[in-house]
Structure formats: structure tokens, C-alpha cells
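Sequential numbering from 1 along the given sequence is applied to the chain's residues. In each ligand, atom 1 is the first atom listed, and ligand 1 is the first ligand listed.
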Amino acid sequence: MEIRKVGVVGCGLMGGGIAQVAAQSGYDVVVREINEQLLNAGLDRIKGNLRRNVQKGQMSESEMEQVLGRLHGTVSLESFADRDIVLEAVIENMPEKRQLYGELDKICPPHTIFASNTSSLTIIEMAAATKRQDRFVGLHFFNPVPTMQLAEVVKTISSSESTVETVKRFAESLNKTAIVAKDTPGFIVNRLLVPYLLDAIRVYEEGLATREDIDDGMRLGCNHPMGPLTLADFVGLDTLYFIGNIMFDEFKEPRFAPPTLLKRLVLAGQYGRKTGKGFYEYSSK
Ligand code: CAA
């Protein structure tokens, strides 16, 4: 099956990044937000990213205009009626996602593939809200989407081989390396990354070293682009807490259990970079 028309539900950090990358790769893209205000904020973020690319000489002004010409914002799900694939990047809330997929299932033609960008929720539970479990997979991108080279294709017990192959080829057409994983919380990357980040918080909590020395240790000792506490702030402490709880609930292993300090920071509303404070403080810039 050939994918030409792409739909993206959600124009936040992840959905906007996915829509941008798909439009840059030549696809006709419709991206949907729940209201005009959020839609305009999301589209402005994409324009800002593209403008930075022009300023760095990575893209010409006319190329940027062409990319923007392929990108159409909407607040209506009906706009997905002619899409070949719909990528969903909305809030990590299973009842909301199931309701959304139930509506999309009625709007989209039978051939449309559905792919969720969830980082930790179970894909088959979403697929079960539709009559197209065979054409339903996970397609998990990494932040920042335009820069990160990877996409995880998540195969459920009901996904067909041809759907997995089509989505893998689609991810490769976005210039990502596509890896395939089973439908268990965290897939490949977060299954390994989340216990590591939680461990970094635990050793900080027990006073092993300063936050800077923990981060420098992994950044300079292992050549990681960011130390674990900086990365936790970057991912969002609320997100990390949410994923840890889901993984702990599924696997019942202590290494996935969020440490006390993480819970306290989340309760305090200190989610990291996005709120200006987490393990570190960030200026509004
Ligand atoms: N949006 C779009 N592009 C961005 C960006 C953003 N928010 N932040 C940085 N970039 C781009 C820059 O434009 C630049 O692009 P070019 O190379 O094309 O010029 C590139 O990223 C590098 O940026 P900088 O030179 O400004 O900064 P840097 O070298 O310090 O890199 C970084 C920044 C890419 C974020 C780097 O620190 C990094 O790779 N960090 C680790 C990120 C990571 O691990 N992400 C995965 C998180 S886990 C996840 O997402 C999954 C989940 O489910 C929780």
C-alpha cells in the first residue's frame, strides 16, 4: 500500500514535530488540534523550527514555503476522511484515546492505517476501540522529532504483517531508522531508558553526588548528549512519573517504580523544562 496523505491528531511538541517531518518529506499533511488557539500555537512552533532551518542555511525560503503549503491545520476530525495513515499524538489518557479512535474509525475509509505515538500505553487497548485491529500499530517518535533519528514501530497481537511493513517503510521515508517491538509498556527504548533515569534520581536522592556531577558523569564518561537528570527534565518529570507507574503496574518490578523525590517534584508542579523548574531551573527563554 502506498501512503500519500497523512493525518496527525495533536499539534503539541510531538504531533507538531511529526507533522513537520512528514511535510518536509513530501507528504500532504492535515494536522488537527482541538481549538484554533492550540492549532495556531502548534503551527507557529513548526514555522519557527523551519525558519531556524532557513537561517542556518539548511533550507531555502522557497523550500520552506513548499513545506508549509503541504501542511494544513484543522480543528475537525472530518478532515481525515481521505487520509491513508493517521498518526495520533494526543494526551496520554486511554479513555480519551479510545473515544478518538472510535470516532476516527467511522470517519476514515477501511484502508486507513492508525498509528499511535504513545510512549507507554498499550496499543491493543486502543485498537480494540476500532474495527481495524489489523491496521493498527504504534509509531513512537522521540523528542525533538525533527532531530532524533529513531522511530519504534509497535506490533500488537492483531497487527497484520503488511501494516507493520507499510508503517516501517513510511517511517524510513521520514528519514528515521525504524525498529520493531512488541506491544509491552515502554517498547524498546523506554524499557531501558526509564529504569536508568529513575536510578539516577534514586542515587541523587540518597546523596551519592551533586546533580551536576551525576549528569557530568554520564555525559562525559559515556558520551551521552545529556546527563540523566537533565534528560529527565527535558522529557518532563510528569511524563517520566506517568510512564514509570504504567511500567511498574505491568511488570511489578521495583526498578520501574518512581522514586519518592520524583513524586514530590511532580506533586509540586515542577515538571522540568516545560514549567521552568525540575532538577534544574530554566529561564523562560
Ligand atoms: N525542536 C526541534 N529541533 C530541535 C530542538 C527542538 N526543541 N532542539 C534542538 N533541535 C535541533 C537543532 O535545531 C539542531 O538541528 P541541526 O543539527 O539540524 O542544526 C539539533 O537539534 C541540535 O541542536 P543544538 O545544536 O541546538 O543543541 P545540542 O547539540 O545540544 O542538541 C539535543 C540538543 C538534540 C536535544 C541533544 O541534547 C540530545 O540529543 N539530547 C537527548 C535527547 C533525547 O534523548 N531524546 C529522547 C527523549 S526520550 C523520548 O522522547 C521518548 C519518550 O517516550 C519519553
Side-chain angles (χ1 to χ4, degrees), residues 10-25 41-60 63-64 67 87-92 115-123 138-154 171 174-177 179 181 183-198 200-201 215-216 218-220 222-247 256 258 262 266 271-274 278 280 282 284-285:
C11 197
L13 207 55
M14 297 304 287
I18 296 166
Q20 177 189 329
V21 166
Q24 279 182 266
S25 305
L43 292 175
D44 283 349
R45 191 182 309 113
I46 296 174
K47 284 177 199 156
N49 280 346
L50 294 174
R51 169 112 352 251
R52 250 198 339 269
N53 290 347
V54 172
Q55 281 159 358
K56 284 191 211 157
Q58 294 164 341
M59 182 184 268
S60 70
E63 278 167 337
M64 180 180 82
V67 172
L87 308 160
E88 167 269 314
V90 305
I91 184 170
E92 293 280 57
S116 176
N117 180 59
T118 185
S119 55
S120 50
L121 294 174
T122 302
I123 308 293
L139 183 57
H140 182 221
F141 292 87
F142 294 82
N143 181 29
V145 180
T147 301
M148 302 302 282
Q149 302 282 302
L150 188 75
E152 291 177 299
V153 180
V154 185
L174 306 182
N175 278 323
K176 305 296 177 197
T177 296
I179 56 177
D183 180 24
T184 57
F187 319 128
I188 297 171
V189 174
N190 280 334
R191 179 81 172 258
L192 301 174
L193 177 66
V194 168
Y196 157 66
L197 297 181
L198 297 179
I201 297 170
D215 275 350
D216 281 348
M218 296 310 291
R219 206 167 53 79
L220 304 175
C222 296
N223 254 0
H224 290 189
M226 287 173 166
L229 300 174
T230 303
L231 183 55
D233 274 355
F234 181 74
V235 166
L237 301 186
D238 54 334
T239 304
L240 182 60
Y241 181 65
F242 180 82
I243 302 176
N245 275 321
I246 289 191
M247 294 175 83
F256 297 115
L262 177 60
V266 172
Y271 298 166
R273 197 176 283 218
K274 64 180 144 185
Y280 296 91
Y282 303 86
S284 56
K285 184 161 163 278

Residue, atom name and distance, where the atom is the protein heavy atom closest to atom 17 (O) of ligand 1: Gln58 NE2, 4.4 Å
- line: shortest atom 44 (O) of ligand 1-to-protein heavy-atom contact is with Leu231 CD1, 3.5 Å
- prompt: Under 4.5 Å between any side-chain heavy atoms of Gln20 and Val145, yes or no?
  reply: no
Side-chain donor-acceptor distances from residues 226-240 under 3.5 Å, at least two apart:
unit_1: Thr230; atom_1: OG1; unit_2: Asp215; atom_2: OD2; d: 2.7
unit_1: Asp233; atom_1: OD1; unit_2: Phe279; atom_2: N; d: 2.9
unit_1: Asp233; atom_1: OD2; unit_2: Phe279; atom_2: N; d: 3.1
unit_1: Asp233; atom_1: OD2; unit_2: Tyr280; atom_2: N; d: 3.0
unit_1: Asp233; atom_1: OD2; unit_2: Tyr282; atom_2: OH; d: 2.6
unit_1: Asp238; atom_1: OD1; unit_2: Lys274; atom_2: NZ; d: 2.9
unit_1: Asp238; atom_1: OD2; unit_2: Lys274; atom_2: NZ; d: 3.0

- request: Please verify whether a non-hydrogen atom of Met14 lies at under 4.0 Å from ligand 1.
  value: no
query: Is atom 33 (C) of ligand 1 less than 4.0 angstrom from at least one protein heavy atom?
result: no
message: Determine whether any protein heavy atom is located less than 4.0 Å from atom 30 (O) of ligand 1.
response: no
query: Of the backbone atoms (N, CA, C, O) and the side-chain heavy atoms from C-beta on, which set of Val189 has a member under 4.0 Å from an atom of ligand 1: side chain, backbone, both, or neither?
result: neither
task: Verify the contact flag for atom 37 (O) of ligand 1, where contact means a protein heavy atom under 4.0 Å away.
output: yes
query: Is there side-chain contact between Leu87 and Asn117, with at least one heavy-atom pair below 4.5 Å?
result: no
By salt bridge (Lys or Arg N to Asp or Glu O under 4.0 Å) - contacts of Asp216 (at least two apart): Arg219
query: Any protein heavy atom sitting closer than 4.0 Å to atom 53 (O) of ligand 1?
result: yes
field: Proximal atoms of ligand 1 relative to His140 (non-hydrogen, under 4.0 Å)
entry: 51 (C), 52 (C), 53 (O)
message: With side-chain contact (heavy atoms from CB on, under 4.5 Å) as the test, pick out the partner of Ile123 among Asp183, Leu139, Thr184.
response: Asp183
message: Just verifying a value: how many Å separate Lys176 NZ and Glu152 CD, rounded to the nearest 0.5 Å?
response: 13.0 Å
message: Suppose I only count heavy atoms of Lys56 and a 4.0 Å limit; which atoms of ligand 1 are within that range?
response: 12 (C), 13 (O), 14 (C), 15 (O), 16 (P), 19 (O)
Greater than 12 external heavy atoms within 6.0 Å of Gln58's CD: yes
message: Need the ligand 1 atom indices (1-based, order shown) with element for anything under 4.0 Å from a heavy-atom of Phe142.
response: 49 (C), 50 (O), 51 (C)
- prompt: What's the shortest distance from atom 43 (C) of ligand 1 to any protein heavy atom, and which residue and atom give it?
  reply: Met148 CE, 3.5 Å
field: 4.5 Å side-chain heavy-atom contact, Ser116 and Val154
entry: no
query: Given the protein's heavy atoms, is any one of them under 4.0 Å from atom 50 (O) of ligand 1?
result: yes
field: Numbered atoms of ligand 1 (with element) below 4.0 Å of Asn143, judged on heavy atoms
entry: 42 (C), 43 (C), 45 (N), 46 (C), 50 (O)
query: Hey, what do you get for CG (Leu150) to CD1 (Ile188), rounding to the nearest 0.5 Å?
result: 8.0 Å
Met226 neighbourhood, listing ligand 1 atoms whose heavy-atom distance to it stays under 4.0 Å: 35 (C), 37 (O), 40 (N), 41 (C)
query: Do the non-hydrogen side-chain atoms of Asn53 and Leu50 ever get within less than 4.5 Å of each other?
result: yes
- request: Give the contacting part of Asn190 toward ligand 1: side chain, backbone, both or neither, where contact means a heavy-atom distance below 4.0 Å.
  value: side chain
query: Could you give the distance from OG (Ser120) to NE2 (His140), rounded to the nearest 0.5 Å?
result: 8.0 Å
query: Under the 4.0 Å line, does any protein heavy atom show up next to atom 23 (O) of ligand 1?
result: no
task: May I ask you to check whether Thr239 has an N/O atom sitting below 3.5 Å from an N/O atom of ligand 1?
output: no
query: In Å and rounded to the nearest 0.5 Å, what is the CD to OG1 distance from Glu92 to Thr118?
result: 3.5 Å
statement: Interatomic distance, CG@Asp44 vs CG@Asn49, rounded to 0.5 Å, equals 11.0 Å
- request: Output the list of atoms in ligand 1 that are nearer than 4.0 Å to some heavy atom of Thr147, sorted by atom number.
  value: 3 (N), 4 (C), 10 (N), 11 (C), 20 (C), 21 (O), 34 (C)
Contacting atoms of ligand 1, where contact means under 4.0 angstrom from a heavy atom of Ser119: 53 (O)
query: Which heavy atom of the protein is the closest neighbour of atom 8 (N) of ligand 1, given with residue, atom name and distance?
result: Pro144 CG, 3.8 Å
- request: For atom 26 (O) of ligand 1, decide whether some protein heavy-atom distance is shorter than 4.0 Å.
  value: no
field: Rounded distance (nearest 0.5 Å) linking atom OG of Ser119 with atom CG of Leu193
entry: 10.5 Å
statement: Quick note on ligand 1: atoms under 4.0 Å from a heavy atom of Val235 include exactly 47 (C), 48 (S), 54 (C)
